[in-house]
Structure formats: structure tokens, C-alpha cells
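Below is one structure, written out as C-alpha cells; the observations come after it.
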Amino acid sequence: MKKDVENFISEIEQRNSHEPEFMQAVREVSETVIPYIVSQKIYHGKNILMRMVEPERVLMFRVNWVDDKGEIRVNRGYRVQMNSAIGPYKGGLRFHPSVNLSILKFLAFEQVFKNSLTTLPMGGGKGGSDFDPKGKSDGEIMRFCQSFMTELFRYIGPNTDIPAGDIGVGGREIGYMFGQYKKLKKEFTGVLTGKGLSWGGSLIRPEATGYGTVYFAENMLNHVKNSVKGKTVVISGSGNVAQFAAEKCNQLSAKVITLSDSSGFIHDVDGINTEKLSYVMDLKNNKRGRISEYVKKFPKAKFYKNKTPWQVPCDIALPCATQNELNANDAEILINNGCICISEGANMPCSPEAIFVFRKNKILFAPGKASNAGGVAVSGLEMAQNSLRYSWTREEVDNKLKDIMLDIHNSCITHGLEKGHVNYEKGANIAGFIKVADAMLAQGVV
Ligand code: NDP
């Protein structure tokens, strides 16, 4: 079996040798899905995984825009349309200087499995640009978003490809891109999700990824007769996912003691309660400030420059910033300090070596494709509401989100149970794979 996996990986590697993040995601899926394929006759001779790792289409384009000094700037835009077997492409747009094809292909590949797990009819895609929104004026952001959409609009649509937000793309950016799409296409349609409430957005969409990550942790803990209540929680990041993960932890009576950004982390032993969290939300979302400013406002807290928060003792860790932000050494420290549960809010934040450590110690570990699927699930609900031209209440959407997260959890158990312990990674990969692979088989070689 190991040989089958290695042969497959080396073939994919030849074609994608300069894409380390993409190869990391492919390897992680192959290790659990190839043994499953081998055990199931219907997939034999269909080259199904080989077809799934090749994007259906990759779009790459120039994005020109004019900065506030009147200078012309050039960035690169992308959209990876990975798989449309079970629905139109769906996945976020990321604006960050690190964006490249490897990162977007890894995200698009993960998205295929994640979207399948939600049980909603959505294929997988991802896109973005190496544009850095940090330090840009509102006018510069608007001109960039308009220029980006001036090219992207040709390839997307409510039945084709429906992008959403990701790192560096929040409500403001979605608004500017939606405005430009509407102008170019002359139609008001649900082509993006994460829209404002008064123009087609869904209640709970901003909260969904963070809330869902904590619901998933709660589901894992409930399964072993435990709960989030009363636990100490370490969170990385201070953006959309981290903020609402922290909010949900507070609502479930857990104590959140860290948040971070790319310059370091803050540790508040007293807990980042509702009042302190609303300061963080205003600081990050309106003032576009740095997390280090927290300690000026709350001097009992400490700021650790250029450090990640994993050495702080906790019961639950929620990595909610970016890929490969938690390594094997961090994993060992977390476990030695008593951590019992890790739920990934970000995409692929734990390195393969860190996951190995969690698995070896039989720690509850949820991969992002399962635990952070709440965001895209509510995006799917936003699409449904747009089609119905109707809005569900906050409670209705939140209940649907809870149900979806529980369904995903249960699918992971169905396919990931190993000698009384749940391998959530294996469960998520196999459950996500089955639906997409079966649809591909039914649709023929296209
Ligand atoms: P935001 O842009 O709102 O926030 C990102 C946060 O992560 C910021 O605090 C940022 O710090 C930090 N960060 C980004 N890059 C790095 C880095 N290289 N090193 C350290 N910190 C970093 O993004 P989101 O909260 O939306 O996304 C966070 C993660 O969650 C991503 O992996 C994303 O793919 C994933 N995700 C998001 C979903 C959503 O609905 N938004 C859905 C599913 C997954 P700084 O401000 O300094 O850059």
C-alpha cells in the first residue's frame, strides 16, 4: 500500500515539482484515500484520484491599478477551478503577498473535499492575488478590486463559479468586487458570497467559520463525554475566523487567553472576554491596527513579538491564522502542557509532522476541511437564500450551521473509526472523496 501511495505521489510530483503546499495537501489526502480506493472495486481502473488532483481549469491574469500617488502598479490574479462534479466551483479569494499557484491549488484541492463534506451541492475552487492590502488606502483597495473583477467577471457566475472571502478579503472587498461585477454584467445576482446584509448577504456568514470551528471542537469533545465549557483556549490569528471562534468560546463559557497576527501574539491570563474582544474587532476591522496594541489598552496582558502562541498551556488549541503555522515541536509542547483537542480554523495550519504527533498521542484533532467547513456551508446557505429571494433568521441559519457541523463530525466517525479512536483526517478525506468520485464516475470521462 505504501508503494502505491509513493508511486502516485512521485508521478504527481513530476508535474508539480515547484508546488510544495499543493504536494503537501495531495500527499495528506492520498495516504488515506488510496487504501480506500484499493478496497473498493468500483474505483478500480478509473484513475479517479489522478483526475481529482488536476484542476479543471486555471486562470491567471494581469491586474493593473493606479495607487494614490498616480503610479501604475501590477499584480497577478488567479482563479483555480478545481472540480465541478457536484456543483458550481465555490471557494474564497485570498489577497496576500505570499499568494502563488501552489498555495491556491492546495486551497482549491482542500476545498473540493470540504464542500463535499457540507452535503451542499458545491464544487471546489480558490483564487486571489499577490496584492498586499496592508497599508493601502480605501481608494486603492477599491481600484484594485475593480481591476481584479474586470478580468475575473468573464469566468464566474451564479451557476458557474461563486467566489467568497479569505485572508485579506472581507466584507469591504466583496462589496467593491460585487459592485464592479454588477456594472459589467448588468445583473444583480448571487455571484459572490459574504455580501452585506442589505444586498443579498446571509446572517451568520461572517461568524460561520469561527463558530463552526468551535462547534466541531464541541462535537469531538462531546463524543468523548467532555465539552468546551470551562476550558482554556489558545487561538492564533485575529482576523475573521479567530475573532468569531473567540466569540463562540466565550458564549460556551470557555476562556480564550491568546490571539495573534503576523507580528506576534498577546497572552491575557484573565481571558479575552466580550468587552476585550469587541476592542480587538474594532482594532482589526475598522482601525486596521496590530494586535500588539492590545497590551496598551489592557496592560495586564503581554505581547510576544514574532512568536506563535503554542507554548502557552491550554486545553484546546484553535489555529486560525494561516497554513503551516504549527509544527511538530509546537505539537509536542501543546501535548506536554495538557492540550486535549485541536480544531483547525485555518486551512492546513498544522504541518504533517505536527499531525503525526497528534495522531501518535491519540489527541482529538480535526483537519480544517472538516472543522472550518462552516464558512462555506453558510455561503451555500447564502446562495440558497439568493435563489429563493428570501432571508432566513439568525437562529435558522445558526441551527442549520450546527446541524451541518454535526453531520460532518458524524461522517468523519463513519469513515475514520480506528480501534475506538476517531481518525478525523481519514474520515474527512474518505467521506469527502466518495461523493465527488461517484459523481465523476456517473458523468463519464469529461
Ligand atoms: P483574515 O485576513 O481575516 O485574518 C488572517 C489572520 O491571520 C490575521 O490575524 C493575520 O495577521 C494572520 N496571518 C495571515 N498570514 C499570516 C502569516 N503568514 N503568519 C502569521 N499570521 C498570519 O483571514 P481569515 O480569518 O478569513 O482566514 C484565516 C484562515 O482561515 C486562512 O487559512 C483561511 O484560508 C481560513 N479560512 C477562512 C474562511 C473564512 O470564511 N474567512 C473559511 C475557511 C477557512 P496579519 O493581519 O498580521 O496579516
Side-chain angles (χ1 to χ4, degrees), residues 21 25 90-99 103-104 106-111 113-115 117-118 124 126-128 131-135 163-174 192-194 201-202 204-213 216 235-247 258-266 280-281 283-285 287-294 304-310 318-327 343-350 366-380 382 401 405:
E21 293 85 2
K90 178 91 198 95
L93 297 170
R94 177 176 291 191
F95 292 168
H96 193 271
S98 66
V99 161
I103 289 180
L104 293 180
F106 120 63
L107 289 164
F109 184 64
E110 291 279 294
Q111 196 81 42
F113 291 80
K114 183 188 307 191
N115 293 3
L117 283 169
T118 65
K126 201 83 190 188
F131 171 74
D132 186 358
K134 260 192 223 125
D166 191 75
I167 291 179
V169 178
R172 172 179 63 163
E173 292 75 18
I174 293 288
L192 292 161
T193 57
S202 174
I204 302 280
R205 175 58 190 94
E207 295 89 338
T209 309
Y211 278 18
T213 302
F216 203 92
I235 298 181
S236 65
S238 50
N240 171 268
V241 180
Q243 290 172 17
F244 289 105
E247 183 169 284
T258 69
L259 286 171
S260 74
D261 63 21
S262 53
S263 51
F265 79 93
I266 54 114
V280 173
M281 288 181 175
L283 174 74
K284 295 305 269 189
N285 307 345
K287 305 203 167 74
R288 311 231 167 233
R290 309 303 298 156
I291 199 67
S292 54
E293 292 166 53
Y294 183 97
Y304 296 87
K305 199 173 169 195
N306 294 332
K307 292 253 183 333
T308 53
W310 313 122
L318 305 176
C320 295
T322 193
Q323 63 273 1
N324 291 325
E325 55 164 316
L326 194 162
N327 62 29
S343 185
E344 292 187 334
N347 284 310
M348 215 166 74
C350 300
K369 62 172 79 81
S371 47
N372 73 31
V376 74
V378 174
S379 276
E382 182 173 330
L401 171 63
M405 297 315 294

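Each ligand, and each atom within it, is numbered from 1 in the order the structure gives. Hydrogens, waters and symmetry mates play no part in the numbers below; they use all other heavy atoms, side chains included.
Here the shortest heavy-atom pairing between Gly212 and Met405 reads O-CE, 3.4 Å.
Within 4.0 Å of ligand 1, the residues that place a heavy atom are Arg94, His96, Lys114, Lys134, Asp166, Ile167, Gly168, Arg205, Thr209, Gly237, Ser238, Gly239, Asn240, Val241, Ser260, Asp261, Ser262, Arg290, Cys320, Ala321, Thr322, Gly345, Ala346, Asn347, Asn372, listed by chain and number.
You'll find the side chain of Tyr211 reaches within 4.5 Å of the side chain of Leu401, heavy atoms only.
The aromatic rings of Phe95 and Phe131 sit perpendicular, their planes meeting at an angle over 60°, well past the 30° parallel limit.
In this view, Arg288 satisfies the salt bridge (Lys or Arg N to Asp or Glu O under 4.0 Å) rule with no residue, not counting sequence neighbours.
Checking Lys369, Gln323, Lys114 one by one against Asn347, the side-chain hydrogen bond (donor to acceptor under 3.5 Å, both in side chains) holds for a single residue, Lys114.
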*Can you list the steps and then say if Ser292 with Lys305 is a side-chain contact (heavy atoms from CB on, under 4.5 Å)?*
CA-CA 8 Å; Ser292 54; Lys305 199 173 169 195; over 6 Å; no

